Trainee: 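Handing you this structure, nothing more for now.
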Number of protein chains: 2
Amino acid sequence: MHPLRRVRIQPDMDFEKRLEWFRNECAAAGLPCTHQREVLYRALVEAKDHPSPEMLYERVKRKIPSISLGTVYRNIKIFLDHGLIGEVSLHHGSLRLEANNEPHHHLVCRHCRKMFDLPAAGVHAIRLRRALPEGFQVERFVVEAHGLCQECAAPKKRRSN
Amino acid sequence: MHPLRRVRIQPDMDFEKRLEWFRNECAAAGLPCTHQREVLYRALVEAKDHPSPEMLYERVKRKIPSISLGTVYRNIKIFLDHGLIGEVSLHHGSLRLEANNEPHHHLVCRHCRKMFDLPAAGVHAIRLRRALPEGFQVERFVVEAHGLCQECAAPKKRRSN
DNA sequence: TTATTAGATGAGAATTATTACTATCTTGTC
DNA sequence: GACAAGATAGTAATAATTCTCATCTAATAA
């Protein structure tokens with residue numbers, strides 16, 4: 001259902017190709033492919049960091065000085081909803097805390113953002129260290145399983161949702 | 001250096017034991033062990049969900065009606081700094097985005113919150129599914145390596161930091 | 001126990017992040 | 001080119017977090 005799952009973009013795909021893909025996705029989703037959306041999408045594709053909405057706004061404003069921050073937020077949400085881009089890690093809107101210090105991982109619902117603990121037992125150690133950039137001192141690995149919880153996955157029959 | 005690494009709290013440790021540990025940690029860190037801090041810590045230990053500062057504030061207010069939200073935030077930050085509690089997933093303050101749809105993971109500096117990509121190649125598949133709660137539909141696993149990047153790990157000799 | 005003092009607290013202002021509202025403007029279609 | 005659905009800019013409103021500062025309290029020494 002999500003485009004990223006439907007069509008795999010190749011890493012070496014140049015921007016023109018990606019843009020074409022983007023336009024097709026918009027058309028398929030019934031979304032007008034506005035100039036603002038194209039420029040925003042381009043900024044996302046070209047970003048090597050993991051920009052925040054504010055950072056994107058700054059970049060896009062160089063191309064479209066009149067663009068509004070609201071447009072950036074609105075379209076980011078739309079892109080995410082349609083799987084055109086991804087969130088680096090699910091953002092809960094506010095800080096979330098725990099005193100549980102047993103090794104464990106998390107299950108996060110991408111819709112309601114509810115979180116569940118998962119005991120670390122059974123999750124095998126991750127061998128990643130050799131891939132790490134110079135000087136980064138890893139203290140722990142956290143595994144997050146992203147998906148839909150039972151409630152959010154349920155077809156919204158009866159009641160509203 | 002961090003207490004959670006220095007002393008391992010046992011899962012079956014009752015609250016009195018934890019509180020004693022907490023007091024020792026405070027003393028060791030030169031932190032006055034105020035009533036507010038104890039009540040806040042207790043609320044964290046007893047929480048089964050992954051509360052936000054606001055949620056904690058609501059709970060703690062039942063015990064100390066005069067407590068202020070600022071105190072909750074201030075102490076949460078202190079507890080985190082001293083490793084007395086943990087963040088469920090590193091909170092970036094704002095949404096962070098990426099158009100990179102190649103399978104990859106992230107390296108996050110717990111100090112400056114900078115993020116680096118890690119190719120997924122080499123990270124072996126995680127076998128976790130049998131541990132999942134009923135009905136949760138996992139779409140992807142995200143591995144985050146938390147630690148300190150080179151800059152933040154560097155001893156703050158010369159220059160300020 | 002009291003005096004001392006570093007550091008904590010509560011209250012509210014200030015900032016930052018995000019969403020909502022609305023009059024106008026564009027895209028896609030006919 | 002005209003139309004309708006939906007998008008945009010600008011601004012107001014809300015949520016999340018931090019800051020400021022005048023008191024107050026925990027920890028220590030007398």
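Excluded from the calculations below are hydrogen atoms, water molecules and symmetry mates; all remaining heavy atoms, backbone and side chain alike, are included. Since we're looking at a predicted model, the values are computed, not measured. Naming convention: chains lettered A, B, ... in sequence-line order (proteins, then strands); numbering from 1 in each chain.
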Trainee: Under the side chain to side chain contact (heavy atoms under 4.5 Å, CB included) criterion, do A:His106 and A:Asp117 qualify, and how do the steps go?
Mentor: CA-CA 5 Å; A:His106 295 113; A:Asp117 282 351; 3.2 Å; yes
Trainee: Taking the six-membered ring for Trp, are A:Phe22 and A:Phe79 ring centroids under 6.0 Å apart?
Mentor: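 Centroid distance A:Phe22-A:Phe79: below 6.0 Å, so yes.
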Trainee: Both B:Leu31 and B:Pro53 contact DNA chain D. Which one's nearest nucleotide lies toward the 5' end?
Mentor: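 Upstream on the strand: B:Pro53.
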Trainee: CG of A:Leu40 versus P of D:dA7: gap in Å, rounded?
Mentor: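 That distance rounds to 14 Å.
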Trainee: Would you tell me if any nitrogen or oxygen in the side chain of B:Gln36 comes within less than 4.0 Å of OP1 or OP2 on D:dA26?
Mentor: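 For D:dA26, OP1/OP2 do not have a side-chain N/O of B:Gln36 under 4.0 Å.
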Trainee: Take atom CG of A:Asp81 and atom P of D:dG6, then tell me their distance rounded to the nearest Å.
Mentor: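 Taking atom P of D:dG6 as the reference, CG of A:Asp81 is at 15 Å.
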Trainee: With heavy atoms under 4.0 Å as the rule, sort A:Leu69 into base, sugar-phosphate or nothing.
Mentor: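 Contact class for A:Leu69: base.
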Trainee: Is A:Thr34 close enough to D:dA7 that one of its side-chain N or O atoms is under 4.0 Å from OP1 or OP2 there?
Mentor: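 A:Thr34 to D:dA7 OP1/OP2: no side-chain N or O under 4.0 Å.
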Trainee: Going 5' to 3' along DNA chain C, which nucleotides are the first and last within contact of chain B (any atom under 4.0 Å from a heavy atom)?
Mentor: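 Here the contact window of chain B covers C:dG7 to C:dT18.
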Trainee: Keeping A:Asn75 on the side-chain end and A:Ile78 on the backbone end, is there a donor-acceptor pair under 3.5 Å?
Mentor: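 Judged by distance alone, no pair lies under 3.5 Å.
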Trainee: Rounded to the nearest angstrom, tell me the gap between atom NE2 in B:His35 and atom P in D:dC24.
Mentor: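 Result: 17 Å.
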Trainee: At under 4.0 Å between heavy atoms, what does B:His92 touch on the DNA or RNA strands: base, sugar-phosphate, or nothing?
Mentor: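 The answer is nothing, as B:His92 stays clear of every strand by at least 4.0 Å.
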Trainee: Separation of A:Tyr57 atom OH from D:dT11 atom P, in whole Å?
Mentor: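 Value for this atom pair: 11 Å.
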Trainee: Please assess A:Glu102 against A:His104 for the test side-chain hydrogen bond (donor to acceptor under 3.5 Å, both in side chains), listing each intermediate value before the final yes or no.
Mentor: CA-CA 6 Å; A:Glu102 298 170 68; A:His104 68 283; over 6 Å; no
Trainee: Mind checking if A:Glu54 touches a base, just sugar-phosphate, or nothing, with heavy atoms under 4.0 Å?
Mentor: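 Result for A:Glu54 = nothing.
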Trainee: Check the distance between D:dT11's P and A:Tyr73's OH and give it to me in whole angstrom.
Mentor: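 So the two atoms are 18 Å apart, to the nearest Å.
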Trainee: Using whole Å, report how far CD1 of B:Ile67 lies from C1' of D:dC24.
Mentor: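 Rounded to the whole Å, the gap is 14 Å.
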Trainee: Categorize A:Arg74 for me: base, sugar-phosphate, or nothing, with a 4.0 angstrom heavy-atom threshold over every strand shown.
Mentor: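 Base: the residue A:Arg74, judged by heavy atoms under 4.0 Å, touches a nucleobase.
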Trainee: For the pair made of CD1 in A:Ile76 and P in D:dT8, what is the distance, rounded to whole Å?
Mentor: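 These atoms are roughly 12 Å apart.
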Trainee: Taking for each residue the nucleotide of DNA chain C bearing the nearest heavy atom, is the 5' side occupied by B:Thr71 or by A:Gly70?
Mentor: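 Nearest nucleotide further toward 5': that of B:Thr71.
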Trainee: With under 30° as parallel and over 60° as perpendicular, where do the rings of B:Tyr41 and B:Trp21 fit, or are they tilted in between?
Mentor: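 It falls in the tilted class, 30° to 60°.
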Trainee: Toward the 5' end of DNA chain C, which comes first, B:Ser68 or B:Gly30, by nearest nucleotide?
Mentor: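 Result of the comparison: B:Gly30.
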Trainee: For the pair A:His92 and B:His50, evaluate ring pair (Phe, Tyr, Trp, His ring centres under 6.0 Å) and give the outcome as yes or no after the intermediate values.
Mentor: CA-CA 11 Å; A:His92 308 113; B:His50 302 83; 8.9 Å; no
Trainee: Below 4.5 Å, heavy atoms only, C-beta onward: do A:Tyr57 and A:Thr71 meet side chain to side chain?
Mentor: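 Side-chain contact under 4.5 Å: no.
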Trainee: D:dA7 C1' sits how many Å from A:Ile78 CD1, rounded?
Mentor: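 Computing the A:Ile78:CD1 to D:dA7:C1' distance gives 8 Å.
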